[in-house]
There are 2 protein chains.
Amino acid sequence: MKNNTNIENQEDKPEKKIIFDENSCPVTATMKVLGGKWKAILINAIYHTSPARFGELKRSVKGITQSMLTQQLRELEDDGIISRKIYAEIPPRVEYTLTEFGLTLSPIILSMAKWGKEYRIKKQNGMKH
Amino acid sequence: MKNNTNIENQEDKPEKKIIFDENSCPVTATMKVLGGKWKAILINAIYHTSPARFGELKRSVKGITQSMLTQQLRELEDDGIISRKIYAEIPPRVEYTLTEFGLTLSPIILSMAKWGKEYRIKKQNGMKH
DNA sequence: AATATTAGTATTATTTTTCATACTTACACA
DNA sequence: TGTGTAAGTATGAAAAATAATACTAATATT
(Lines give C-alpha, C1' and ligand atoms only; values in the text may rest on other atoms or scores of the structure.)
Protein backbone atom coordinates (compact mmCIF):
# COMPACT_ATOMS: atom_id res chain seq x y z
CA MET A 1 0.00 0.00 0.00
CA LYS A 2 2.56 2.56 -1.13
CA ASN A 3 0.54 4.74 -3.42
CA ASN A 4 -2.66 6.69 -3.41
CA THR A 5 -4.53 4.63 -5.97
CA ASN A 6 -6.04 2.53 -3.25
CA ILE A 7 -9.71 2.59 -2.44
CA GLU A 8 -9.22 4.08 0.99
CA ASN A 9 -7.66 7.26 -0.36
CA GLN A 10 -10.15 7.62 -3.14
CA GLU A 11 -12.96 7.43 -0.69
CA ASP A 12 -11.33 9.67 1.87
CA LYS A 13 -10.69 12.51 -0.57
CA PRO A 14 -13.51 12.78 -3.07
CA GLU A 15 -12.92 15.46 -5.61
CA LYS A 16 -14.72 18.72 -5.01
CA LYS A 17 -16.31 19.46 -8.32
CA ILE A 18 -16.89 23.19 -8.18
CA ILE A 19 -16.24 24.79 -11.55
CA PHE A 20 -14.45 28.13 -11.79
CA ASP A 21 -15.18 29.88 -15.01
CA GLU A 22 -13.50 33.05 -16.24
CA ASN A 23 -16.82 34.28 -17.50
CA SER A 24 -18.75 33.78 -14.33
CA CYS A 25 -16.15 34.42 -11.60
CA PRO A 26 -17.00 37.78 -10.03
CA VAL A 27 -13.41 38.28 -8.88
CA THR A 28 -12.23 37.92 -12.46
CA ALA A 29 -14.92 40.36 -13.57
CA THR A 30 -13.50 42.93 -11.19
CA MET A 31 -9.99 42.22 -12.38
CA LYS A 32 -11.07 42.96 -15.94
CA VAL A 33 -11.97 46.47 -14.83
CA LEU A 34 -8.98 47.09 -12.53
CA GLY A 35 -6.35 44.99 -14.31
CA GLY A 36 -3.46 45.98 -16.50
CA LYS A 37 -0.50 48.16 -15.81
CA TRP A 38 -2.23 51.51 -15.31
CA LYS A 39 -5.86 51.22 -14.20
CA ALA A 40 -5.25 50.80 -10.49
CA ILE A 41 -2.77 53.64 -10.19
CA LEU A 42 -5.02 55.87 -12.29
CA ILE A 43 -8.08 55.19 -10.14
CA ASN A 44 -5.95 55.83 -7.10
CA ALA A 45 -4.66 59.08 -8.58
CA ILE A 46 -8.12 60.33 -9.53
CA TYR A 47 -9.42 59.22 -6.15
CA HIS A 48 -6.83 61.45 -4.48
CA THR A 49 -6.77 64.47 -6.79
CA SER A 50 -10.33 64.61 -8.15
CA PRO A 51 -11.19 66.48 -10.25
CA ALA A 52 -8.06 65.64 -12.19
CA ARG A 53 -7.10 67.23 -15.46
CA PHE A 54 -5.61 65.18 -18.27
CA GLY A 55 -2.25 66.95 -18.23
CA GLU A 56 -2.12 66.80 -14.48
CA LEU A 57 -2.52 63.01 -14.58
CA LYS A 58 0.08 62.78 -17.32
CA ARG A 59 2.56 64.55 -15.09
CA SER A 60 1.67 62.90 -11.80
CA VAL A 61 1.37 59.29 -12.95
CA LYS A 62 5.02 58.56 -13.57
CA GLY A 63 5.96 56.73 -16.74
CA ILE A 64 2.59 56.68 -18.46
CA THR A 65 2.51 57.73 -22.08
CA GLN A 66 -0.06 60.08 -23.50
CA SER A 67 -1.69 57.39 -25.62
CA MET A 68 -1.88 54.90 -22.76
CA LEU A 69 -3.40 57.57 -20.54
CA THR A 70 -6.07 58.38 -23.11
CA GLN A 71 -6.82 54.72 -23.74
CA GLN A 72 -7.07 53.72 -20.09
CA LEU A 73 -9.21 56.73 -19.21
CA ARG A 74 -11.60 55.86 -22.05
CA GLU A 75 -11.91 52.29 -20.83
CA LEU A 76 -12.58 53.41 -17.27
CA GLU A 77 -15.18 55.80 -18.63
CA ASP A 78 -16.79 53.02 -20.69
CA ASP A 79 -16.93 50.89 -17.56
CA GLY A 80 -18.72 53.67 -15.72
CA ILE A 81 -15.91 54.22 -13.21
CA ILE A 82 -14.96 57.77 -14.12
CA SER A 83 -16.67 60.66 -15.80
CA ARG A 84 -15.17 63.08 -18.25
CA LYS A 85 -16.16 66.72 -18.30
CA ILE A 86 -15.06 68.82 -21.24
CA TYR A 87 -14.85 72.59 -20.89
CA ALA A 88 -15.28 74.51 -24.14
CA GLU A 89 -12.09 76.50 -23.74
CA ILE A 90 -8.92 77.07 -25.66
CA PRO A 91 -6.56 75.46 -24.86
CA PRO A 92 -8.91 72.60 -23.94
CA ARG A 93 -9.68 71.57 -20.41
CA VAL A 94 -10.97 68.15 -19.48
CA GLU A 95 -11.60 67.02 -15.94
CA TYR A 96 -11.89 63.48 -14.69
CA THR A 97 -13.74 62.42 -11.56
CA LEU A 98 -14.83 59.12 -10.10
CA THR A 99 -18.51 58.49 -10.71
CA GLU A 100 -20.82 57.43 -7.93
CA PHE A 101 -20.36 53.87 -9.17
CA GLY A 102 -16.59 54.36 -9.34
CA LEU A 103 -16.66 55.33 -5.69
CA THR A 104 -18.11 51.92 -4.85
CA LEU A 105 -14.62 50.63 -5.64
CA SER A 106 -13.34 52.40 -2.52
CA PRO A 107 -13.40 49.35 -0.25
CA ILE A 108 -11.36 47.43 -2.82
CA ILE A 109 -8.89 50.23 -3.40
CA LEU A 110 -8.45 50.83 0.31
CA SER A 111 -7.97 47.16 1.18
CA MET A 112 -5.57 46.80 -1.71
CA ALA A 113 -3.57 49.81 -0.57
CA LYS A 114 -3.37 48.41 2.94
CA TRP A 115 -2.34 44.96 1.75
CA GLY A 116 0.18 46.35 -0.72
CA LYS A 117 1.95 48.21 2.06
CA GLU A 118 2.31 45.07 4.14
CA TYR A 119 3.43 43.07 1.15
CA ARG A 120 6.21 45.61 0.56
CA ILE A 121 7.37 45.21 4.12
CA LYS A 122 7.30 41.44 3.82
CA LYS A 123 9.36 41.61 0.64
CA GLN A 124 11.90 43.93 2.23
CA ASN A 125 12.29 41.52 5.11
CA GLY A 126 13.26 38.75 2.72
CA MET A 127 9.91 36.97 2.27
CA LYS A 128 10.68 34.07 4.58
CA HIS A 129 7.94 31.52 4.18
CA MET B 1 -12.50 86.56 -20.48
CA LYS B 2 -13.27 83.55 -22.60
CA ASN B 3 -10.49 81.19 -21.70
CA ASN B 4 -8.83 79.76 -18.64
CA THR B 5 -5.43 81.36 -19.01
CA ASN B 6 -6.44 84.29 -16.88
CA ILE B 7 -4.95 84.91 -13.49
CA GLU B 8 -8.18 84.29 -11.63
CA ASN B 9 -8.46 80.72 -12.87
CA GLN B 10 -4.82 79.94 -12.29
CA GLU B 11 -5.12 81.01 -8.73
CA ASP B 12 -8.42 79.26 -8.13
CA LYS B 13 -7.17 75.88 -9.33
CA PRO B 14 -3.56 75.38 -8.34
CA GLU B 15 -2.19 72.08 -9.50
CA LYS B 16 -2.07 69.34 -6.88
CA LYS B 17 1.39 67.98 -7.18
CA ILE B 18 1.12 64.54 -5.70
CA ILE B 19 3.23 62.03 -7.59
CA PHE B 20 1.94 58.55 -8.32
CA ASP B 21 4.73 56.15 -9.00
CA GLU B 22 4.31 52.57 -10.20
CA ASN B 23 7.10 51.53 -7.88
CA SER B 24 5.71 53.10 -4.76
CA CYS B 25 1.94 52.85 -5.24
CA PRO B 26 0.69 50.17 -2.84
CA VAL B 27 -2.37 49.51 -4.99
CA THR B 28 -0.12 48.77 -7.95
CA ALA B 29 2.00 46.50 -5.74
CA THR B 30 -1.11 44.46 -4.96
CA MET B 31 -2.06 44.38 -8.60
CA LYS B 32 1.31 42.89 -9.44
CA VAL B 33 0.45 39.94 -7.21
CA LEU B 34 -3.20 39.55 -8.24
CA GLY B 35 -2.99 40.73 -11.85
CA GLY B 36 -3.02 38.80 -15.09
CA LYS B 37 -5.59 36.49 -16.55
CA TRP B 38 -5.45 33.65 -14.01
CA LYS B 39 -4.22 34.72 -10.58
CA ALA B 40 -7.51 36.00 -9.20
CA ILE B 41 -9.56 33.01 -10.28
CA LEU B 42 -6.86 30.66 -9.00
CA ILE B 43 -6.74 32.28 -5.60
CA ASN B 44 -10.50 32.16 -5.52
CA ALA B 45 -10.50 28.49 -6.49
CA ILE B 46 -7.91 27.53 -3.88
CA TYR B 47 -9.73 29.65 -1.33
CA HIS B 48 -12.86 27.59 -1.93
CA THR B 49 -11.44 24.09 -2.41
CA SER B 50 -8.31 24.12 -0.26
CA PRO B 51 -6.35 21.90 -0.19
CA ALA B 52 -6.50 21.75 -3.97
CA ARG B 53 -4.61 19.27 -6.08
CA PHE B 54 -2.95 20.29 -9.32
CA GLY B 55 -5.13 18.15 -11.55
CA GLU B 56 -8.23 19.22 -9.68
CA LEU B 57 -7.41 22.87 -10.39
CA LYS B 58 -6.68 22.04 -13.99
CA ARG B 59 -10.14 20.57 -14.36
CA SER B 60 -12.05 23.11 -12.30
CA VAL B 61 -10.48 26.31 -13.61
CA LYS B 62 -11.99 26.33 -17.07
CA GLY B 63 -9.73 27.14 -19.98
CA ILE B 64 -6.39 27.23 -18.22
CA THR B 65 -3.56 25.30 -19.83
CA GLN B 66 -1.23 23.04 -17.90
CA SER B 67 1.77 25.29 -18.42
CA MET B 68 -0.11 28.43 -17.38
CA LEU B 69 -1.36 26.67 -14.29
CA THR B 70 2.14 25.62 -13.29
CA GLN B 71 3.56 29.04 -13.95
CA GLN B 72 0.89 30.97 -12.08
CA LEU B 73 1.01 28.62 -9.11
CA ARG B 74 4.78 29.07 -8.93
CA GLU B 75 4.46 32.83 -8.95
CA LEU B 76 1.84 32.76 -6.22
CA GLU B 77 4.12 30.50 -4.24
CA ASP B 78 7.07 32.84 -4.76
CA ASP B 79 4.91 35.70 -3.53
CA GLY B 80 4.09 33.76 -0.38
CA ILE B 81 0.38 33.50 -1.17
CA ILE B 82 0.08 29.75 -1.50
CA SER B 83 2.05 26.78 -0.26
CA ARG B 84 2.82 23.63 -2.16
CA LYS B 85 2.95 20.28 -0.44
CA ILE B 86 4.41 17.37 -2.35
CA TYR B 87 3.55 13.82 -1.35
CA ALA B 88 6.17 11.23 -2.28
CA GLU B 89 3.76 8.98 -4.11
CA ILE B 90 3.42 7.50 -7.55
CA PRO B 91 1.66 8.95 -9.43
CA PRO B 92 2.59 12.23 -7.75
CA ARG B 93 0.30 14.19 -5.51
CA VAL B 94 0.74 17.90 -4.88
CA GLU B 95 -1.61 19.96 -2.76
CA TYR B 96 -1.99 23.71 -2.78
CA THR B 97 -3.30 25.79 0.10
CA LEU B 98 -3.42 29.46 0.90
CA THR B 99 -0.72 30.42 3.36
CA GLU B 100 -1.47 32.48 6.43
CA PHE B 101 -0.25 35.48 4.48
CA GLY B 102 -2.35 34.45 1.50
CA LEU B 103 -5.39 34.49 3.74
CA THR B 104 -4.75 38.16 4.48
CA LEU B 105 -5.96 38.71 0.92
CA SER B 106 -9.45 37.66 2.01
CA PRO B 107 -10.83 41.18 2.48
CA ILE B 108 -9.68 42.06 -1.03
CA ILE B 109 -11.03 38.88 -2.59
CA LEU B 110 -14.34 39.23 -0.81
CA SER B 111 -14.82 42.90 -1.69
CA MET B 112 -13.83 42.15 -5.26
CA ALA B 113 -16.32 39.30 -5.47
CA LYS B 114 -19.06 41.51 -4.12
CA TRP B 115 -18.26 44.35 -6.48
CA GLY B 116 -17.91 42.04 -9.45
CA LYS B 117 -21.42 40.74 -8.92
CA GLU B 118 -22.88 44.23 -8.89
CA TYR B 119 -20.85 45.22 -11.91
CA ARG B 120 -22.34 42.26 -13.82
CA ILE B 121 -25.83 43.41 -12.94
CA LYS B 122 -25.02 46.93 -14.03
CA LYS B 123 -23.70 45.68 -17.35
CA GLN B 124 -26.76 43.52 -17.92
CA ASN B 125 -28.99 46.52 -17.31
CA GLY B 126 -27.26 48.43 -20.07
CA MET B 127 -24.72 50.46 -18.11
CA LYS B 128 -26.61 53.74 -18.27
CA HIS B 129 -24.37 56.46 -16.95
C1' DA C 1 4.10 85.52 -38.39
C1' DA C 2 5.89 82.33 -35.21
C1' DT C 3 5.36 79.92 -30.90
C1' DA C 4 3.06 77.96 -26.88
C1' DT C 5 -0.76 75.70 -24.93
C1' DT C 6 -3.95 71.26 -23.85
C1' DA C 7 -5.91 67.27 -24.95
C1' DG C 8 -5.93 64.54 -27.76
C1' DT C 9 -5.33 60.80 -32.54
C1' DA C 10 -2.79 57.70 -35.66
C1' DT C 11 0.67 54.55 -36.77
C1' DT C 12 4.19 51.48 -36.11
C1' DA C 13 7.36 49.02 -33.10
C1' DT C 14 8.56 46.34 -29.13
C1' DT C 15 7.65 43.72 -25.09
C1' DT C 16 4.98 40.77 -22.38
C1' DT C 17 1.49 37.31 -21.91
C1' DT C 18 -0.71 33.53 -23.14
C1' DC C 19 -1.42 29.27 -25.90
C1' DA C 20 -0.39 24.83 -28.24
C1' DT C 21 2.07 20.93 -28.48
C1' DA C 22 5.23 17.44 -27.44
C1' DC C 23 8.02 15.35 -23.96
C1' DT C 24 9.37 13.27 -19.09
C1' DT C 25 9.34 10.34 -14.71
C1' DA C 26 8.31 6.29 -11.75
C1' DC C 27 5.51 3.00 -10.70
C1' DA C 28 0.99 0.02 -10.87
C1' DC C 29 -1.78 -2.87 -13.30
C1' DA C 30 -3.47 -5.77 -17.31
C1' DT D 1 5.61 -5.85 -22.50
C1' DG D 2 2.66 -2.21 -23.00
C1' DT D 3 -0.56 1.35 -21.13
C1' DG D 4 -2.26 4.63 -17.72
C1' DT D 5 -1.50 8.04 -14.18
C1' DA D 6 -0.25 12.97 -11.98
C1' DA D 7 2.38 16.65 -12.15
C1' DG D 8 5.06 18.58 -14.28
C1' DT D 9 9.14 20.86 -18.40
C1' DA D 10 10.54 22.68 -22.74
C1' DT D 11 9.94 24.96 -26.95
C1' DG D 12 8.13 27.89 -30.26
C1' DA D 13 4.08 30.45 -32.07
C1' DA D 14 0.42 33.65 -31.61
C1' DA D 15 -1.98 37.24 -29.45
C1' DA D 16 -2.40 41.06 -26.51
C1' DA D 17 -0.58 44.90 -24.07
C1' DT D 18 2.37 48.63 -23.91
C1' DA D 19 5.63 52.09 -25.81
C1' DA D 20 7.56 55.50 -29.10
C1' DT D 21 6.92 58.82 -32.22
C1' DA D 22 4.84 62.07 -35.02
C1' DC D 23 0.79 64.59 -35.94
C1' DT D 24 -3.63 67.80 -35.13
C1' DA D 25 -6.91 71.80 -33.67
C1' DA D 26 -8.06 76.51 -32.05
C1' DT D 27 -6.69 80.30 -29.92
C1' DA D 28 -3.45 83.65 -27.10
C1' DT D 29 0.65 85.75 -26.58
C1' DT D 30 5.07 87.53 -28.24
Side-chain angles (χ1 to χ4, degrees), chain A residues 1-10 13 15 22 28 31-42 46 51-77 82-97, chain B residues 1-10 13 15 22 28 31-42 46 51-78 82-96:
Chain A
M1 200 119 94
K2 283 174 185 167
N3 76 24
N4 71 325
T5 58
N6 59 71
I7 290 163
E8 196 185 333
N9 247 326
Q10 286 179 346
K13 309 219 171 186
E15 179 154 339
E22 276 189 78
T28 301
M31 284 304 303
K32 280 186 182 157
V33 176
L34 299 183
K37 188 170 180 184
W38 298 111
K39 295 269 176 74
I41 200 168
L42 271 177
I46 298 175
R53 291 189 60 172
F54 183 88
E56 190 182 354
L57 287 169
K58 197 174 70 167
R59 280 184 295 278
S60 67
V61 176
K62 285 303 164 193
I64 198 167
T65 62
Q66 184 136 331
S67 35
M68 262 294 115
L69 180 55
T70 302
Q71 181 189 313
Q72 302 298 303
L73 289 172
R74 287 295 184 287
E75 289 179 14
L76 288 172
E77 197 192 354
I82 61 175
S83 76
R84 180 164 175 268
K85 186 169 183 189
I86 306 154
Y87 293 83
E89 295 172 353
I90 295 291
R93 177 157 63 112
V94 178
E95 284 182 354
Y96 294 92
T97 24
Chain B
M1 199 118 94
K2 283 171 185 172
N3 76 26
N4 71 324
T5 56
N6 58 73
I7 288 165
E8 197 185 333
N9 248 326
Q10 285 179 345
K13 308 218 172 189
E15 179 154 342
E22 274 189 79
T28 301
M31 284 304 302
K32 280 186 183 157
V33 176
L34 299 184
K37 187 171 179 183
W38 299 109
K39 295 273 176 73
I41 200 168
L42 272 177
I46 298 175
R53 292 188 61 173
F54 184 88
E56 190 183 353
L57 287 169
K58 197 173 70 170
R59 280 184 295 277
S60 67
V61 177
K62 284 303 165 196
I64 196 166
T65 62
Q66 183 137 330
S67 36
M68 261 295 114
L69 179 54
T70 302
Q71 180 190 314
Q72 302 298 302
L73 288 172
R74 287 295 183 287
E75 289 179 13
L76 288 172
E77 198 192 353
D78 291 346
I82 62 176
S83 76
R84 180 166 174 266
K85 186 170 182 189
I86 306 154
Y87 293 84
E89 295 171 355
I90 296 291
R93 177 156 61 111
V94 179
E95 284 182 356
Y96 294 92

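Worth saying up front: this structure is predicted, and the values here are computed from it rather than measured. The chains referred to below are lettered A, B, ... by the order of the sequence lines, with proteins before strands, and numbering in each begins at 1.
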Whole-Å gap separating [atom2] ([N]) and [atom1] ([X]):
X     : N      : atom1 : atom2 : result
A/I90 : D/dA26 : CD1   : P     : 8 Å
B/L73 : D/dA7  : CG    : P     : 11 Å
A/E56 : C/dA7  : CD    : P     : 9 Å
A/K58 : C/dT9  : NZ    : C1'   : 13 Å
A/E89 : D/dT29 : CD    : C1'   : 17 Å
B/L57 : D/dA6  : CG    : P     : 14 Å
A/Y87 : D/dA26 : OH    : P     : 22 Å
B/M68 : D/dT11 : CE    : P     : 16 Å

Does OP1 or OP2 of [N] have a side-chain N or O of [X] closer than 4.0 Å?
X     : N      : value
A/R84 : C/dA7  : no
B/R93 : D/dA7  : no
B/R53 : D/dA6  : no
A/K37 : D/dA19 : yes

Derivation of the side chain to side chain contact (heavy atoms under 4.5 Å, CB included) call for A/Q72 and A/K37: CA-CA 10 Å; A/Q72 302 298 303; A/K37 188 170 180 184; over 6 Å; no
Touch class at under 4.0 angstrom, heavy-atom based, for B/T70 against every strand present: base
Sugar-phosphate, base or nothing in reach of A/R59, heavy atoms under 4.0 Å: nothing
Using every non-hydrogen atom in the two residues, find where [X] and [Y] come nearest and quote the distance to one decimal.
X     : Y     : answer
B/K39 : B/L34 : CB-O, 3.4 Å
B/F54 : B/L73 : CD1-CD1, 3.9 Å
B/Y96 : B/R74 : OH-NH1, 3.7 Å

Nearest-nucleotide comparison on DNA chain C, the residue closer to the 5′ end among B/T65 and A/R74: A/R74
Which residue lies more 5' along DNA chain D, comparing B/Y96 with A/Q72 via nearest heavy atoms: B/Y96
[X] side chain, from C-beta outward: closest of [options]:
X     : options               : answer
A/P91 : D/dA7, C/dT5, C/dA7   : C/dT5
B/S67 : C/dA7, C/dA20, C/dT5  : C/dA20
B/P92 : D/dA6, D/dT18, C/dC19 : D/dA6

Worked verdict on A/L69 versus A/V61 for side chain to side chain contact (heavy atoms under 4.5 Å, CB included): CA-CA 9 Å; A/L69 180 55; A/V61 176; 5.9 Å; no
